[in-house]
2 protein chains.
Amino acid sequence: MTDTELLRAEGLRVTAPRLAVLEAVGAAPHATADQILTAVRRELPGVSVQGVYDVLHALTDAGLLRCIEPAGHPARYERRTGDNHHHVVCRECGALDDVDCAVGHAPCLTPSTTHGFSVDLAEVTYWGLCPGCRTARDATA
Amino acid sequence: MTDTELLRAEGLRVTAPRLAVLEAVGAAPHATADQILTAVRRELPGVSVQGVYDVLHALTDAGLLRCIEPAGHPARYERRTGDNHHHVVCRECGALDDVDCAVGHAPCLTPSTTHGFSVDLAEVTYWGLCPGCRTARDATA
DNA sequence: CAGTAAACTTGAATCAATCAAGTTTAGGGC
DNA sequence: GCCCTAAACTTGATTGATTCAAGTTTACTG
């Protein structure tokens, strides 16, 4: 399915900024809004900051993009692939990578007590150090 | 162990703002920095914004407090109880509650592949709607 | 091909949190 | 008990990601 068809399937208008954002996120997964803005402007120089944020929200609401917001770092976006994977984040530099869900079935996704909350998503974030920052820390220690 | 002893045990100085913050967080778990500031000022009117942030960071680093940062909402703090529990967050109003880790042992905490990251913490966040917001949504739907 | 609501632009504002620089104070040493 | 010094605090300004507000353009419906 082309990006145009994807947008149409969700009942969204097909515009140049939207196509450019989809392409940019596809080319650079886990990009920040700022990086996406830069990438989009390489093809469409006139696009505004607000425009990119609007597009990101619209596409996220439609389920075409997934938004990841690691504590203490700007939000990142990836194309929704439908699979249930999680993320590992570097405490030092904010580097982010995908982590497949451990051992087949999704554990931890049915909490014991939810205090009356209706849960629709369980999100797992692994915190640690990326290889680069670990090396740097060893060097100074 | 008293709060004073807790601070001493971590090699931290015992000051009025620190004791007040510990007490405030104990009385109102999952409070935001702003709420903690307000609570602390009821007893110590002169305490500054920066002072509370400094204390929160110092106590968090020392392991006396735990900081929770739900995406799109200000950070919240709780007293470190040592147990491994997670959190459920309301998408609508940001309400937050504790969730015991499902079924005894900690699942999902050993990711399959970590791309060379050294992981030291696995964090699980459940997203959904709190009872209040669910009722409100049903009423308008 | 015209009408309209959605999508965009510009420009200013918000909010949590942090930085910078100077002052106070807790607690070890005399 | 009283200095001394680093840690802890205060005031005041600033950052940075994101959002609000108001007006203009543009993709799709009829």
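Just so it is clear: chains get the letters A, B, ... in the order the sequence lines come, proteins before strands, and each one is counted from 1.
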Query - B:Asp98 and B:His87 side chains, donor-acceptor separation under 3.5 Å - result: yes

Requested in this report: Using a 4.0 Å heavy-atom cut-off across all strands, classify A:Thr15 as base, sugar-phosphate, or nothing.
Outcome: sugar-phosphate

Query raised in the report: Where each residue is assigned the nucleotide of DNA chain C containing its nearest heavy atom, which of B:Leu12 and A:Val55 is assigned the position nearer the 5′ end?
Result: A:Val55

Report task. Starting from the 5' end of DNA chain D, give me the residue, A:Pro74 or A:Arg13, whose nearest nucleotide shows up first. Result -> A:Pro74

Report summary line: To the nearest angstrom, the CG-P distance between B:Leu37 and C:dT18 comes to 14 Å

Query raised in the report: Can you find a donor-acceptor N/O pair under 3.5 angstrom joining the side chain of B:Gln50 to the base of C:dC19?
Result: yes

**Report entry** Protein-nucleotide distance (A:Asp34, atom CG; D:dT15, atom P), rounded to Å
**Finding:** 16 Å

Requested in this report: Measure from the side-chain N and O atoms of A:Arg134 to the backbone N and O of B:Gly116, and report whether any donor-acceptor pair falls under 3.5 Å.
Outcome: yes

Query raised in the report: Under 4.0 Å: is that the gap between some side-chain N or O of B:Arg18 and OP1 or OP2 of D:dA7?
Result: no

Query raised in the report: So do A:Leu6 and A:Asp3 actually touch side chain to side chain, heavy atoms under 4.5 Å?
Result: yes

Query raised in the report: Using a cut-off of less than 4.0 Å, is there contact between a side-chain N or O of B:Arg8 and OP1 or OP2 of C:dG27?
Result: yes

Query raised in the report: With a 4.0 Å cut-off on heavy atoms, is B:Val49 in touch with a base, just the backbone sugar-phosphate, or nothing at all?
Result: nothing

Report task. Give the nucleotide from the list C:dT9, C:dA17, C:dG27 with an atom nearest to the side chain of B:Val14. Result -> C:dG27

Query - Rounded distance in Å - OH (A:Tyr53) to P (D:dG16) - result: 13 Å

Query raised in the report: Just checking B:Ala58: base, sugar-phosphate only, or nothing, at a heavy-atom cut-off of under 4.0 Å?
Result: nothing

Query raised in the report: Rounded to the nearest Å, what distance is computed from the NE2 atom of residue A:His73 to the C1' atom of nucleotide C:dA16?
Result: 16 Å

Requested in this report: Can you tell me the distance, in whole Å, between the CG atom of A:Leu56 and the P atom of C:dC8?
Outcome: 11 Å

Requested in this report: Mind calculating the distance between CG (B:Asp54) and P (C:dC19) to the nearest angstrom?
Outcome: 10 Å

**Report entry** Atom pair OG1 (B:Thr125) and CD (B:Glu69), whose distance is rounded to the nearest 0.5 Å
**Finding:** 11.0 Å

Query raised in the report: Rounding to a whole Å, what distance do you find between A:Leu19:CG and C:dA7:P?
Result: 13 Å

Query raised in the report: B:Arg76 CZ to C:dA16 C1': how many Å, rounded?
Result: 13 Å

Report task. Could you check whether B:His57 gets within reach of a base, just the sugar-phosphate, or nothing at all, counting any heavy atom under 4.0 Å? Result -> sugar-phosphate

Query - Rounded distance [0.5 Å steps], CD1 in B:Ile68 versus NE2 in B:His73 - result: 13.0 Å

